[in-house]
Structures are given as C-alpha cells and as structure tokens.
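Input: a single structure, listed below in structure tokens.
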Amino acid sequence: MASHTVGRRGPARRSWIAGVRDAFDFLVKSSPSRFAILVFASLILITTALLSLPLARAGSGTGGTPLHDAFFTAVSTICVTGLTTVDMATHWSPFGNTIIFIGMNVGGMGVLTLASILGLVVSRRLGLRAKLIAASDTNPSRVHAGPVSERQAVRLGEVGGLLATVAISTLAIEAAVMIGMMPSVLAKGYDFGLSLWYSAYYSVSAFTNTGFNPNPMGPVEFFDDYWFQSLMMLAVFLGSLGFPVIFTLLRTWRRPRRWSVHVKLTLTTTIVLWIAGAVTFLVLEYNNPKTYGGLSFLKTFYEAFFMSTMTRSGGFATIDMADLYGSSLLVTDMLMFVGGGSASTAGGIKVTTLAVLFLAAYAEARGAPAMEAFGRRIPRDILRLAVSVVLWGATIVAVSTVIITQITKSALDFVLFDVISAFATCGLSTGLTESLPPEGKYVMAATMFMGRVGTVTLAAALAAAQKRQLFRRPEERPIVG
C-alpha cells in the first residue's frame, strides 16, 4: 500500500514540475522581454530581503537595515548603479558585503542575457525566440519585430558563443584587474586577506561600472597611485564597451575590416567622447581651488581623463562632485546621460544612439537620402528607435527631477545631477542622495530600475502583443522647426 502511494505521488510531483516548467517556457516564448523584467525585479526583491536581515548589518544588536535603505541598496547593486544611502565600507557585515559582491556580478551580466540563460535552463533548450531576444541584447536595434539582418553585431548562430563570452570575459577581466591591484592595496598597509578582498571588490565594482567602495576613504586613498587608478579606468572602459564589442574583438582583433558597424560606431563614439570630456574638464576645472586648482598640470591632465572615464558610468570619484563648477556639472550631466555601449555594464541612452542621431543630422544637412557609416547604409527604423530611446530617457529624468526637487526643495543643478546619475546607472553624486527622505529614495530607486532595464526593453515588453497594421493612411507633412 505504501509503495502504491509513493508511486502515485511520484508522477504527480513530476507532472507539477513539468507544468511549472511549461508555464515558464510559455512566458519566455510569448514575451521574453517581460520575462527579463520579471527576473530582474525578482532579483531585487530577493536582495532586499537578504540585506534587511540583521545578519547583513555590521555590529551586534544594531538590528536590520531599514527597508528603504535595504531596497535602495538592492536596486543600486542589481542595477550596478553605485549610488548609496549608507556607508558601504562600514554599514554592511561580511554576509551583507558578500550579497552585494554577488549582486554586482549578476547585475553586470545584463538583464536580457540573464533572462536568456534562465530561459535555457527552464525550457531545456534555446529556441529561436530566446535566440532573438539574446541577440537583441547584443544589438538592441533588433528588439522590435522585423527581419533579422545578416550584419548584426552577433548573429543568431553565435548566441551560444556570446553567452559563454559574457561569463568567461567577465571572470577573466575581473581576475586580471584584481591581481594587478593587489600590490597597490598591500602597499597601503593592509594585510593579505583584506588586500585580496579590497582588490576583488574594486575589480568587480569597476568592470561592472557600479562604483561601490569597500574602504572608508574610497578611491581618494589611491589618489597618488597612477597604477591603481589606471587599472580602474581600464576595467570601467572595458565594461562600458559592451559584450558584443568584446566578443568581436576577441575573435577578429587582427581584422578590423570585418568589424560590424555596431562595433565601429561604439569604439569611435566612445573614444571621441572620452577625449572631448577630458579636454573639457581640463579647461573648466584647471583653476578651481576645490578640485584641480592646486595640482600640477600633468596631475590635472591625468585626473581629467580619470573623471571623463568615470562619467561614462564608472561612478568612482577622487574629488567631491559638489565642488565642481556649474559648467562642469552640466558637462557631466551630458556625458552620464549618453553612457556607454549597448549590452554593456554601463547605462545611459548608449553611445550608438547618439551616433545614429548625429548621422541622421549629418545626412539631413547633406540632403542625403539615407544615413551611412563605414560604407554601410543604416535603416530609417533605427533612427525611430534612437529618437524613442532619447525621448523616453529624457521623460524619465524630467519627471524624477520634478518629484525630487519638490520633495527636497534642493538646488536644481544638484537634483538633476543625481537623477541623471541614477537613470544612467553611473553612481556619481553631489551628496544629495544620502540625505533623501524615504519617499525620495524610492523615487530614485525607480529611476535606477528604469534606467538599467532600459527604455528599449520596456518598449519591447509593452509592444509584445502588438499586431501588424494591414493598411496605410494618407500621408501629410507637418511643419517642423
């Protein structure tokens, strides 16, 4: 009788598991973008619950972290933003720091790539729809429905290689940077164990473009260590390029002619913005006594490039952002809003979006019938997508800025700076975020989530059930400009 009961329970249990797997499989196939958002939100809630535990807070008898601070830190960790409302170096226990350390890596993998991997595990296969959404993470311009180009940054048949590259490149780069940082941390007098932890934390925080600091003084402690700062810049730069670019460079770094337009646009725009940002900071801040005014020319020159790198989404700072001139704050706002490369650990509207808008304006000025770059024609639907991304990003920033300004009654330039930093998942702050009331922290957390998930992903999720229009209305031109 007992064996008969167990035998009946076995198939029932297997049937229940199969039903859950089929339900997830259906969700992945029907709307992979919504599934990605669901996974991302679930990770944030799990991290919030763990960080709320008394075990996650340093000190005995201190109790758990308040919900608004735990939630904000969880969003900032999974969204790899770097904004904080608590002292990251002293507030968290070893358990809390471990949760944050793992969360930075998970968030850095990218919401769509993570969803593709989970979809593969749940459904036990990587079907065409899952391949399409994974490919869209490498080439966001193809998120919408339409024919898949043979000139994508990563083709459908290469998605498996992309997923492997994400994991391998992340671990390899972080390990190399960690080893390189060890001598600098040891030279500051820390023991081997603490030096290993600080180096690992900084390498992960830099490559994922998070910007969290494990030591009380932060990067300021290494202000005169050019080697340590250069490694931070290198890790942030590689993380902001995007996995599609890393994937291509690893395979064809000797044959730049075979690089896709996406790779060429990303590299070109990134380097131009990096140099332009550094020159601008050098010109604007060279005589500011609170920032670079007391430094030598060579040190100012180096720190200007460091600052330009960190505004791309790195989030580390060796100076107080509140001490910058208003003109420098505005330039930083613009650089943060643009962010890094598509499918990267950086945020913002992405450099390829800016490049497409520039190419469209250039083509219009020349009277050219289409946008062209590197001997290739760029379809008009890419321009529509770029305009949508900028419009939605600007709307999110504007709404959040109005709400935070109303809540805090703070100066607009400081509010705008921190809001753009949240949207672009950068992590630089004027100090406003730490002083926000609970309701303000929730608004900033929502801004970080919207910025990291991405306007393209949200648009794809909302338009998943959209039907094709089988007719065209009469055309009429409005007056523009």
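Just so you know, these numbers come straight off a predicted model, no measurement behind them.
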Between F71 and Y442, how do the two ring planes meet: parallel, tilted or perpendicular, split at 30° and 60°? tilted

Is the ring pair F228/F222 parallel, tilted or perpendicular, if the boundaries are 30 and 60 degrees? parallel

On a heavy-atom basis, which atom in I349 and which in T353 lie closest, and how many Å separate them? O-OG1, 2.7 Å

Can I get a per-line list of side-chain donor-acceptor pairs under 3.5 Å for residues 316-329, giving both atom names and the distance, sequence neighbours left out?
unit_1	atom_1	unit_2	atom_2	d
T318	OG1	E303	OE1	3.0
D320	OD1	A322	N	3.0
S328	OG	E285	OE2	2.5

Evaluate side-chain contact (heavy atoms from CB on, under 4.5 Å) for M371 paired with R380, printing each intermediate quantity in order. CA-CA 8 Å; M371 298 177 292; R380 285 186 174 271; 5.7 Å; no

List the atom of A386, the atom of L357, and the distance in Å for their closest heavy-atom pair. CB-CD2, 4.1 Å

Pair up each side-chain donor or acceptor in residues 73-89 with any protein partner under 3.5 Å, not counting sequence neighbours, and list the distances.
unit_1	atom_1	unit_2	atom_2	d
T73	OG1	D69	O	2.8
S76	OG	G82	N	3.0
S76	OG	L83	N	3.2
S76	OG	L83	O	2.8
T77	OG1	T73	O	2.7
T85	OG1	D69	OD1	2.9
D87	OD1	A89	N	3.1
D87	OD2	T90	OG1	3.2

Closest heavy-atom pair and its distance - A235, A206: CB-CB, 3.6 Å

According to the side-chain hydrogen bond (donor to acceptor under 3.5 Å, both in side chains) rule, which pairs have a member within residues 426-435, sequence neighbours left out? D418-S429, D418-T430, D418-T433

Return yes if some donor-acceptor pair links the side-chain N/O of N213 with the main-chain N/O of N215 below 3.5 Å, else return no. no

Do the side chains of L67 and S52 get nearer than 4.5 Å, heavy atoms only? yes

Any T280 side-chain heavy atom under 4.5 Å of L335 side chain: no

Would you please test N97 and W197 for side-chain contact (heavy atoms from CB on, under 4.5 Å) and show each step? CA-CA 10 Å; N97 279 319; W197 167 245; 3.6 Å; yes

With a 6.0 Å cut-off on the ring centroids, do F101 and W92 count as close? no

Separation of Q229 CD from M310 CE (nearest 0.5 Å): 8.0 Å

Please enumerate all residues that pass salt bridge (charged side-chain N to carboxylate O under 4.0 Å, His left out) together with E221, with sequence neighbours excluded. none

So, does R452 use its side chain to make a donor-acceptor pair with the main chain of F40 at under 3.5 Å? no

Where do N209 and T425 land on the side-chain contact (heavy atoms from CB on, under 4.5 Å) test, with the steps shown first? CA-CA 8 Å; N209 282 211; T425 65; over 6 Å; no

Using a cut-off of 6.0 Å, state whether more than 12 heavy atoms not belonging to Y302 lie near its atom OH. yes

Counting distance only, does the side-chain N/O of S410 pair as donor-acceptor with the main-chain N or O of T405 below 3.5 Å? no

For the pair S421 (side chain) and L428 (backbone), establish whether a donor and an acceptor sit closer than 3.5 Å, ignoring hydrogens and angles. yes

L50 side, atom CG; L45 side, atom CG - distance, nearest 0.5 Å: 11.0 Å

Straight-line distance of T309 OG1 to L273 CG, nearest 0.5 Å: 11.5 Å

Looking at A304, is its backbone amide N or carbonyl O close enough to the side chain of S308 to form a donor-acceptor pair, meaning the two atoms are under 3.5 Å apart? no

Side chain of K350, backbone of G348: donor and acceptor closer than 3.5 Å? yes

Mind listing the side-chain donor-acceptor pairs of residues 172-181 below 3.5 Å, one per line with the distance, residues two or more places apart or on another chain?
none

Do the side chain of T210 and the main chain of F212 share a donor and acceptor less than 3.5 angstrom apart? no

Where is the tightest heavy-atom contact between C426 and T311, given as atom of each residue plus distance? SG-O, 4.1 Å

Using a cut-off of 6.0 Å, state whether more than 12 heavy atoms not belonging to K299 lie near its atom NZ. yes

Between W259 and T252, is there a donor-acceptor pair closer than 3.5 Å when you use the side chain of the first and the backbone of the second? yes

Pairwise distance CG(N105) to OG1(T345) - rounded to 0.5 angstrom: 10.5 Å

Atom of A360, atom of L383 and distance for their closest heavy-atom approach: CB-CD1, 3.6 Å

Under 4.5 Å between any side-chain heavy atoms of F417 and L432, yes or no? no

Side-chain contact test, heavy atoms from C-beta onward, threshold under 4.5 Å: evaluate it for T352 versus T269 and give yes or no. no

For a 4.5 angstrom cut-off between non-hydrogen side-chain atoms, does L51 reach I100? yes

Is any side-chain heavy atom of V351 closer than 4.5 Å to a side-chain heavy atom of R312? yes

Using modelled atom types only, decide if a donor and an acceptor are shared between the side chain of S240 and the backbone of F237 within a distance under 3.5 Å. yes

Backbone of W227 reached by a side-chain donor or acceptor of S184 within 3.5 Å: no

Determine the interplanar angle of the Y198 and Y190 rings, folded into 0 to 90°, and report it as parallel if under 30°, tilted if 30 to 60°, perpendicular if over 60°. perpendicular

Sequence neighbours excluded - ring-ring contact (aromatic ring centres under 6.0 Å, His included) pairs with any residue from residues 328-362: F337-F423

Quick check for you: to the nearest 0.5 Å, what is the distance between I44 atom CD1 and T48 atom OG1? 7.0 Å

If you compare all heavy atoms of T47 against all heavy atoms of L43, which two are closest, and at what distance to 0.1 Å? OG1-O, 2.7 Å

Is a donor from one side chain sitting under 3.5 angstrom from an acceptor on the other, for S342 and H262? no

side-chain contact (heavy atoms from CB on, under 4.5 Å) for V356 and L385? Distances and angles first, verdict last. CA-CA 10 Å; V356 167; L385 183 60; over 6 Å; no

Any chance you could measure L436, atom CG, to I407, atom CD1, to the nearest 0.5 Å? 8.0 Å

